[in-house]
> 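Below you will find the structure I want to go over with you.
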Amino acid sequence: MTDPLLSVRDLTKHYPVTSGWLRRETGQVRAVDGISFDLDAGETLGLVGESGCGKSTAARSLLRIEEPTAGEVYFDGADVIEFDKAELKRFRRRAQLIFQDPTSSFDPRMTVGESVAEPLRVHGMRDRSRRRAIVTDLLERVGLDADDADRYPHEFSGGQKQRIALARALVVNPDLIVADEPVSALDVSIQASILSLLESVQKEFDLAVLFISHDMGIVREVCDRVAVMYLGEIVEQGPTAGVFENPGHPYTRELLASILRPDPRQRHHLSGLTGDLPDPADPPPGCRFHTRCPAVIQPADLDLDQENWRAVMDVRVHLRDEGIDLASLRELVGGEADRQVGTDDVRLKRRIREEFDIPERLEDPAADGALDDALDAVVDDDVEAARDVLAAAFPTPCEADRPAHYAIDDDHHAACLLHDERFLAEPEAADD
Ligand code: ADP
Ligand code: MG
């Protein structure tokens with residue numbers, strides 16, 4: 001086997017969080033937290049995940065537009081992190097970045113021809129007529145006219161500008177294109193034409209493409225392999241067909257479910273999940289997805305209906321991260337005429353259960369007792385005690401360790417404990 005064109009190992013990018021007038025560092029945003037993948041020549045790898053999971057940071061770090069905090073990047077066998085200025089310049093020529101917003105990537109005062117030719121100039125091609133010939137040829141290849149070289153960016157639509165951006169990336173004859181949400185800013189009606197253009201130039205120029213997107217539907221169309229990112233980590237990786245037919249991570253399953261939503265603008269809302277993306281400056285311990293995961297694993301001695309279990313975990317996570325404003329809750333319940341039965345505390349506790357879709361009695365009496373104790377503490381305004389009770393009664397293996405990647409199939413793996421032999425015995429009842 002030949003070496004991959006691009007090889008990324010444990011790539012990490014943390015941003016400091018500072019506070020106070022001295023801007024002392026008080027924490028770190030773990031935007032990218034140890035990701036690894038390979039990309040072969042001529043291959044398209046999709047890097048997919050919801051907004052804020054670290055995709056753009058990964059792209060900038062591996063291209064050394066920003067210095068990574070840690071990790072290794074190899075390009076054609078050479079160590080990118082060790083590149084000096086001259087080597088970096090050569091690397092930047094072979095590895096081109098295309099952005100989401102085609103408007104901001106052009107200087108409005110330069111003609112399209114000048115913009116597309118600029119990389120040639122920067123890389124030392126002095127012959128003006130030769131530059132012109134290359135530029136007009138490329139404009140035609142991306143579906144524009146040779147005459148368009150003399151026009152200005154504002155005269156073009158978003159889709160046309162993205163074609164020009166592609167021409168500019170191709171002008172230096174790169175081996176790799178990192179395309180960061182290249183069609184996300186475009187009308188759905190034009191997306192397909194830009195994607196098919198990307199595919200045809202990729203074949204023609206034998207390009208490797210790192211295709212970044214939050215949209216699994218698009219990834220399925222264009223990518224040979226997929227890496228799914230969640231909160232700075234890759235949680236699943238594999239051939240596109242395998243990942244789509246047999247997703248190994250619950251987060252991937254949520255992303256896939258989101259494709260079915262008819263309105264593409266809704267696709268990044270993962271409505272099957274509770275809560276928002278956690279703060280990457282304070283990621284959850286263990287599997288970072290456990291705070292939202294529908295399949296979060298129960299402790300060995302518990303066997304609740306999975307939805308009830310998830311709901312109890314929601315209470316646990318909510319009390320840990322947000323707490324509860326007891327005064328507002330009292331006011332709310334006080335104003336609800338149909339809730340006059342029972343003592344104040346009973347009504348408050350019942351209201352909290354309802355809010356989280358927990359039945360009045362959990363099927364397991366011990367679990368129900370523990371939950372009730374926690375809710376007693378909440379209505380006593382002792383959230384700290386409630387947290388402790390919940391943490392002791394409802395631990396999950398998912399919060400204990402960062403999960404390893406488990407093999408699903410050839411070249412297909414997922415970082416989810418459900419594939420660990422300790423938990424494999426569980427039948428996947430939810431799937432039928
Ligand atoms: P994506 O491209 O997947 O939407 P980004 O890579 O843009 O995600 O961002 C990942 C996380 O890193 C986000 O929480 C974002 O706020 C944070 N982030 C990105 N750039 C910076 C920066 N320069 N300083 C601090 N935090 C940043
Ligand atoms: Mg981004």
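When a ligand or atom number is given, it counts from 1 through the structure's own listing order.
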> Do the numbers put Arg168 on top of the ring of Phe106, so that NZ or CZ is under 6.0 Å from the six-membered ring centre and no more than 45° off the axis?
yes
> Which heavy atom of the protein is the closest neighbour of atom 7 (O) of ligand 1, given with residue, atom name and distance?
Ser56 CB, 3.9 Å
> Measure the CZ-CG distance between Arg141 and Leu166 for me, rounded to the nearest 0.5 Å.
11.5 Å
> I'd like to know if His214 contacts ligand 1, where contact means a heavy-atom distance under 4.0 Å to any ligand atom.
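Per 4.0 Å heavy-atom rule, His214 does not contact ligand 1.
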> Near Glu331 CD, under 6.0 Å, is it more than 12 heavy atoms from other residues, nucleotides or ligands?
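Counting neighbours around CD of Glu331, 12 or fewer heavy atoms of other residues, nucleotides or ligands fall under 6.0 Å, so no.
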> Identify, for atom 4 (O) of ligand 1, the protein heavy atom at the shortest distance, and state residue, atom and that distance.
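For atom 4 (O) of ligand 1, the nearest protein heavy atom comes out as Gly52 N, 2.6 Å.
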> Strictly under 2.8 Å, is the Mg ion (ligand 2) approached by any N, O or S atom of Thr57?
no
> Taking only heavy atoms of Arg60, which atoms of ligand 1 are found under 4.0 Å from at least one of them?
20 (N)
> Quick test of your reading of the structure: of Ile212, Val32, Asp279, Thr57, whose heavy atom lies closest to atom 9 (O) of ligand 1?
Thr57
> Could you check atom 14 (O) of ligand 1 against the protein and tell me its nearest heavy-atom contact, residue, atom and distance included?
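Answer for atom 14 (O) of ligand 1: Pro280 CG, 3.2 Å.
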> Write out the residue and atom name of the closest protein heavy atom to atom 12 (O) of ligand 1, then the distance separating them to 0.1 Å.
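Nearest protein contact, heavy atoms only, for atom 12 (O) of ligand 1 is Ala31 CB, 3.2 Å.
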> Looking only at distance, does Glu66 have an N or O less than 3.5 Å from an N or O of ligand 1?
no
> Under a 4.0 angstrom heavy-atom cut-off, which atoms of ligand 1 come close to Ser51?
4 (O)
> Atom 17 (C) of ligand 1: which protein heavy atom is closest, and how many Å away?
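So the nearest neighbour among protein heavy atoms is Val29 CG1, 4.0 Å.
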> Using the six-membered ring wherever Trp is involved, compare the ring planes of His154 and Tyr152 and label them parallel, tilted or perpendicular (cut-offs 30° and 60°).
parallel
> Under 4.0 Å and counting heavy atoms only, is there anything from the protein next to atom 21 (C) of ligand 1?
yes
> Taking 4.0 angstrom as the limit, do Asp33 and Arg288 come out as a salt bridge?
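Here Asp33 pairs with Arg288 in a salt bridge, since their nearest N and O are under 4.0 Å apart.
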> Suppose we measure from atom 19 (C) of ligand 1 to each protein heavy atom; which comes out shortest, and what is that distance?
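Sorting protein heavy atoms by distance from atom 19 (C) of ligand 1 puts Tyr15 CE1, 3.6 Å first.
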> Under the criterion salt bridge (charged side-chain N to carboxylate O under 4.0 Å, His left out), I'd like the reasoning laid out for Arg121 against Glu118: C-alpha separation, chi angles, the key distance, then a yes or no.
CA-CA 5 Å; Arg121 233 172 22 80; Glu118 205 192 10; 3.8 Å; yes
> Could you walk me through whether Lys89 and Asp84 pass the salt bridge (charged side-chain N to carboxylate O under 4.0 Å, His left out) test, one step at a time?
CA-CA 9 Å; Lys89 193 174 162 188; Asp84 63 20; over 6 Å; no
> Under 4.0 angstrom from ligand 1, any heavy atom of Gly54?
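Flag set, Gly54 near ligand 1.
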> If you measure from CD on Glu233 to SG on Cys53, what distance do you get to the nearest 0.5 Å?
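Output value for this atom pair is 11.0 Å.
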> Is the distance between the ring centroids of His318 and Phe356 under 6.0 Å?
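Centroid separation for Phe356 and His318: below 6.0 Å.
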